[in-house]
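Shown next, in structure tokens, is the structure this report addresses.
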Amino acid sequence: MKIVVLDGYSVNPGDLSWHALEECGEVTVYDRTEAGDVVLRAQDADVILTNKVLITEDVLSNLTKLKYVGVLATGYNVVDIDAARTRGVVVTNVPAYSTNSVVQMTFAHILNMTNRVEHYARENRDGKWSGAADFCYWDTPLDELAGRTLGVVGLGNIGYKVACIAREFGMDVFACTSKNSADLPAGIQKTTFNGLLGISDILTLHCPLTAKTHEMINKTTIGRMKPGALLVNTGRGGLVNENDIAAALETGQLGGYGADVMLDEPPLADNPLFAVPNVYITPHIAWATTAARKRLIAVAAANVKAFACGSPENVVS
């Protein structure tokens with residue numbers, strides 16, 4: 001079985017092994033593949049694995065030997081699922097491999113904005129503490145999470161765990177979710193999206209990007225939020241209108257924005273968010289801990305093995 005990995009670098013830049021996948025067949029790994037090179041590189045493949053390279057209807061129609069597409073991620077919008085199904089090509093994903101890592105990044109952003117870790121590390125490098133008159137030094141408000149209200153949009157694997165950890169910090173937790181109130185654990189209360197906007201000191205986004213959720217955070221919805229509220233987005237860049245967030249940060253309607261995702265990735269250098277205060281953006285790395293990437297490769301290889309044995313797992317096509 002011939003296996004081609006189209007964009008392996010982001011998953012494994014060299015610190016991990018493809019050995020589990022190599023047990024399945026003859027493997028060729030490309031660090032990156034441009035759209036125009038996909039068909040050429042995968043023309044003899046039985047199996048292709050992709051993270052962000054698009055597998056379109058046109059690509060599928062030109063890969064007559066292809067039997068299987070493995071998405072090296074949980075989201076699988078990079079593949080034309082209908083076209084794959086029509087051609088009998090099995091498509092799988094890797095669910096829930098990065099839950100713990102994304103939850104960790106969510107709180108890294110929350111704690112950075114409330115405890116101003118990045119700010120004080122920089123201040124210390126500039127000698128502010130060394131030159132202080134007292135044993136301690138601060139020049140910003142420092143916020144305690146206990147007693148504050150966290151609004152969680154989406155209670156899937158990640159949102160649910162964020163909500164549970166927030167309770168351990170002593171926060172009041174409200175969620176916008178399709179789950180029934182009776183199915184939620186004690187301490188997590190269900191409300192509407194508009195309800196969350198009005199009560200949340202910190203609002204964190206963990207929902208899929210759909211036509212309904214596209215730019216759900218915009219000028220209008222930000223105007224319904226508490227003045228100075230914090231916003232965290234480790235979901236999808238398209239959940240927010242970045243121009244409206246920048247404007248709200250300028251006026252103080254938003255007190256801070258912590259994000260691991262952007263609309264364009266990599267972002268344009270002149271993105272308005274880079275020019276306003278209290279913006280903390282990490283380069284889409286919440287999923288990329290070593291432990292999460294090891295799980296990703298292991299499950300992806302297991303998916304291929306299951307397909308080869310005639311019992312595919314994690315099928316999304």
If you measure from [atom1] on [X] to [atom2] on [Y], what distance do you get to the nearest 0.5 Å?
| X | Y | atom1 | atom2 | result |
| --- | --- | --- | --- | --- |
| Leu49 | Leu72 | CG | CG | 5.0 Å |
| Cys24 | Asn303 | SG | CG | 10.0 Å |
| Ile48 | Leu63 | CD1 | CG | 6.0 Å |
| Asn77 | Asn93 | CG | CG | 11.0 Å |
| Leu197 | Thr192 | CG | OG1 | 8.0 Å |
| Tyr120 | Arg125 | OH | CZ | 14.5 Å |

Does [X] belong to the same Ile/Leu/Val/Met/Phe/Trp/Tyr cluster as [Y], with side-chain heavy atoms less than 4.5 Å apart forming each link?
| X | Y | value |
| --- | --- | --- |
| Val27 | Val38 | no |
| Phe193 | Leu231 | yes |
| Leu230 | Leu254 | no |
| Ile55 | Val4 | yes |
| Val103 | Val261 | no |

Pairwise side-chain contact, [X] with [Y], heavy-atom cut-off 4.5 Å (strictly under):
| X | Y | answer |
| --- | --- | --- |
| Val162 | His206 | yes |
| Asn62 | Gln43 | no |
| Val89 | Val79 | no |
| Glu123 | Trp129 | no |
| Thr114 | Leu145 | yes |
| Ile188 | Cys164 | yes |
| Tyr160 | Pro185 | yes |
| Leu239 | Cys207 | yes |

Does Phe107 have any ring-ring contact (aromatic ring centres under 6.0 Å, His included) partners at least two apart in sequence or in another chain, and if so, which?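 ring-ring contact (aromatic ring centres under 6.0 Å, His included) list for Phe107, sorted by chain: Phe169.
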Shortest non-hydrogen contact between [X] and [Y], atoms and distance:
| X | Y | value |
| --- | --- | --- |
| Gly8 | Val29 | CA-CG1, 4.3 Å |
| Ala84 | Val91 | CB-CG2, 3.6 Å |
| Arg116 | Pro141 | CG-O, 4.3 Å |
| Val173 | Ala166 | CG2-CB, 3.8 Å |
| Ala96 | Asn157 | CB-ND2, 3.6 Å |
| Ala229 | Ser200 | CB-O, 3.7 Å |

Tell me if a side-chain donor or acceptor on [X] pairs with a main-chain N or O of [Y] at a distance below 3.5 Å.
| X | Y | result |
| --- | --- | --- |
| Asn180 | Asp183 | no |
| Glu313 | Ala302 | no |
| Thr50 | Leu6 | no |
| Trp287 | Ala73 | no |
| Asp201 | Arg148 | no |
| Lys161 | Thr99 | no |
| Asn51 | Asp7 | no |
| Thr210 | Thr213 | yes |
| Asp134 | Cys136 | no |
| Asn12 | Gly14 | yes |

Is Lys305 salt-bridged to Glu23, cutoff N-O under 4.0 Å?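 Counted as a salt bridge, because a side-chain N and a carboxylate O are separated by less than 4.0 Å.
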If a pair satisfies salt bridge (charged side-chain N to carboxylate O under 4.0 Å, His left out) and one of its residues is in [range], list it, with sequence neighbours excluded.
| range | value |
| --- | --- |
| residues 283-296 | Asp15-Arg293 |
| residues 77-95 | Asp82-Arg85 |
| residues 63-78 | Asp44-Lys65, Asp46-Lys67 |

Scan for side chain to side chain donor-acceptor pair (under 3.5 Å) pairs involving residues 26-36, sequence neighbours excluded, and state none if there are none. Thr33-Arg41
Walk me through it: do Val304 and Phe307 pass the test side chain to side chain contact (heavy atoms under 4.5 Å, CB included)? CA-CA 5 Å; Val304 174; Phe307 168 75; 5.6 Å; no
Would you say OH of Tyr137 has more than 12 non-hydrogen atoms from neighbouring residues, nucleotides or ligands within 6.0 angstrom?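 Check passes, neighbour count above 12.
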Just wondering, more than 12 heavy atoms not from Glu22 lying within 6.0 Å of its CD? yes
Please set out all donor-acceptor pairs under 3.5 angstrom arising from side-chain atoms of residues 243-252, sequence neighbours excluded.
from, atom 1, to, atom 2, distance (Å)
Asp244, OD2, Lys219, N, 2.8
Thr251, OG1, Ala248, O, 3.1
Thr251, OG1, Gln253, N, 3.3

So Leu66 and Val59, side chain to side chain contact (heavy atoms under 4.5 Å, CB included) or not? Walk me through it. CA-CA 10 Å; Leu66 186 66; Val59 167; over 6 Å; no
Between [X] and [Y], do the side chains contain an N or O donor and an N or O acceptor separated by less than 3.5 Å?
| X | Y | value |
| --- | --- | --- |
| Glu118 | Asn112 | no |
| Asn233 | His109 | no |
| Thr92 | Tyr68 | yes |
| His284 | Thr282 | no |

List the steps and the verdict of side chain to side chain contact (heavy atoms under 4.5 Å, CB included) for Phe174 and Leu150. CA-CA 6 Å; Phe174 290 80; Leu150 179 73; over 6 Å; no
Applying the side chain to side chain contact (heavy atoms under 4.5 Å, CB included) test to Leu205, which of Val240, Val232, Thr234 qualifies? Val240
Please determine whether side chain to side chain contact (heavy atoms under 4.5 Å, CB included) holds for the pair Glu242 and Met262, giving the CA-CA distance in whole Å, both sets of side-chain angles, and the decisive distance to 0.1 Å. CA-CA 8 Å; Glu242 292 176 345; Met262 299 190 76; 3.5 Å; yes
